[in-house]
Amino acid sequence: MTLSLNIGNLFNDSASHALVDELRKKNTEKEILEFEEKFNSKNEKNLHFYLCKFLKNRSISRALASKWLFIIINNKELEIQTLKN
């Protein structure tokens, strides 16, 4: 199944389920960061917005959301540190 990464303003159930499926497929840090970069480049809202929305609505587990958010936040912090130096 191919996921259209351009979700746009409308976030319907099928797009939501497809995104959750994609989140569950990615296991390594590299896969997660590549997916985040691709997703963010094609959508108005960044992936972390949807992760938080899924977490609030209990569409994904706390473990999955925390794994993704931890990797994304650590990567952003590394980028900031690199720019400071």
Side-chain angles (χ1 to χ4, degrees):
M1 178 167 103
T2 303
L3 171 67
S4 172
L5 293 176
N6 190 0
I7 294 175
N9 292 327
L10 299 175
F11 201 73
N12 59 32
D13 283 342
S14 63
S16 175
H17 292 302
L19 181 54
V20 170
D21 288 343
E22 285 298 312
L23 295 175
R24 289 182 178 137
K25 287 181 192 175
K26 310 299 183 207
N27 292 315
T28 67
E29 185 173 332
K30 182 180 177 184
E31 289 175 324
I32 290 170
L33 293 174
E34 286 173 354
F35 182 80
E36 182 214 8
E37 183 178 340
K38 191 174 181 181
F39 184 92
N40 290 349
S41 71
K42 296 185 179 193
N43 291 283
E44 291 178 18
K45 297 192 184 218
N46 288 337
L47 183 59
H48 67 270
F49 171 83
Y50 294 103
L51 287 168
C52 293
K53 182 178 176 180
F54 290 153
L55 190 55
K56 179 183 172 207
N57 295 334
R58 298 181 179 186
S59 303
I60 60 174
S61 70
R62 292 177 294 189
L64 181 62
S66 65
K67 175 184 175 181
W68 275 74
L69 290 170
F70 182 79
I71 290 171
I72 290 170
I73 291 169
N74 276 345
N75 184 59
K76 298 302 178 213
E77 288 178 351
L78 281 172
E79 289 176 0
I80 291 169
Q81 289 302 320
T82 302
L83 291 173
K84 282 184 177 179
N85 295 332

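One is the number of the first residue; the rest follow in order along the sequence.
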**Request:** Say whether, by atom type as modelled, one donor and one acceptor occur between the side chain of Lys53 and the main chain of Ser59 under 3.5 angstrom.
**Result:**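 No: the side chain of Lys53 does not pair with the backbone of Ser59.
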**Prompt:** Can you get from Phe39 to Leu33 by hopping between Ile, Leu, Val, Met, Phe, Trp and Tyr side chains that sit under 4.5 Å apart?
**Reply:**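 Yes; Leu33 is reachable from Phe39 via cluster members.
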**Request:** Answer with yes or no whether the hydrophobic clustering places Tyr50 together with Leu55; edges join I, L, V, M, F, W, Y residues whose side-chain heavy atoms lie under 4.5 Å apart.
**Result:**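 No, separate clusters.
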When rounded to the nearest 0.5 angstrom, what is the spacing between [atom1] in [X] and [atom2] in [Y]?
X	Y	atom1	atom2	value
Leu19	Ser14	CG	OG	11.5 Å
Lys67	Ile60	NZ	CD1	11.5 Å
Asn40	Asn46	CG	CG	4.0 Å
Asn57	Cys52	CG	SG	11.0 Å
Leu78	Ile73	CG	CD1	12.5 Å
Ile72	Leu47	CD1	CG	4.5 Å

**Request:** Determine, step by step, whether Asn43 and Phe49 satisfy the side-chain contact (heavy atoms from CB on, under 4.5 Å) criterion, reporting the C-alpha distance in whole Å, the side-chain angles of both residues, the deciding distance to 0.1 Å, and the verdict.
**Result:** CA-CA 11 Å; Asn43 291 283; Phe49 171 83; over 6 Å; no
**Prompt:** Is there a donor in the side chain of Asn75 and an acceptor in the side chain of Glu79, or the other way round, less than 3.5 Å apart?
**Reply:**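 Distance-only check passes for Asn75 and Glu79.
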**Request:** Decide, yes or no, whether a salt bridge links Lys38 with Glu34 under the criterion of side-chain N to carboxylate O below 4.0 Å.
**Result:**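 Salt bridge between Lys38 and Glu34, a charged N being under 4.0 Å from a carboxylate O: no.
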**Request:** Salt-bridge test for Glu36 and Lys76: reply yes if a basic N is under 4.0 Å from a carboxylate O, no otherwise.
**Result:**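 Here Glu36 pairs with Lys76 in a salt bridge, since their nearest N and O are under 4.0 Å apart.
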**Message:** So which atom in Lys26 and which in Trp68 form the shortest heavy-atom distance, rounded to 0.1 Å?
**Reply:**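 Taking every non-hydrogen atom into account, CB-CZ2, 3.5 Å.
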**More than 12 heavy atoms from other groups under 6.0 Å of CD on Glu31** =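 Yes - once you tally the heavy atoms of other residues, nucleotides and ligands closer than 6.0 Å, there are more than 12.
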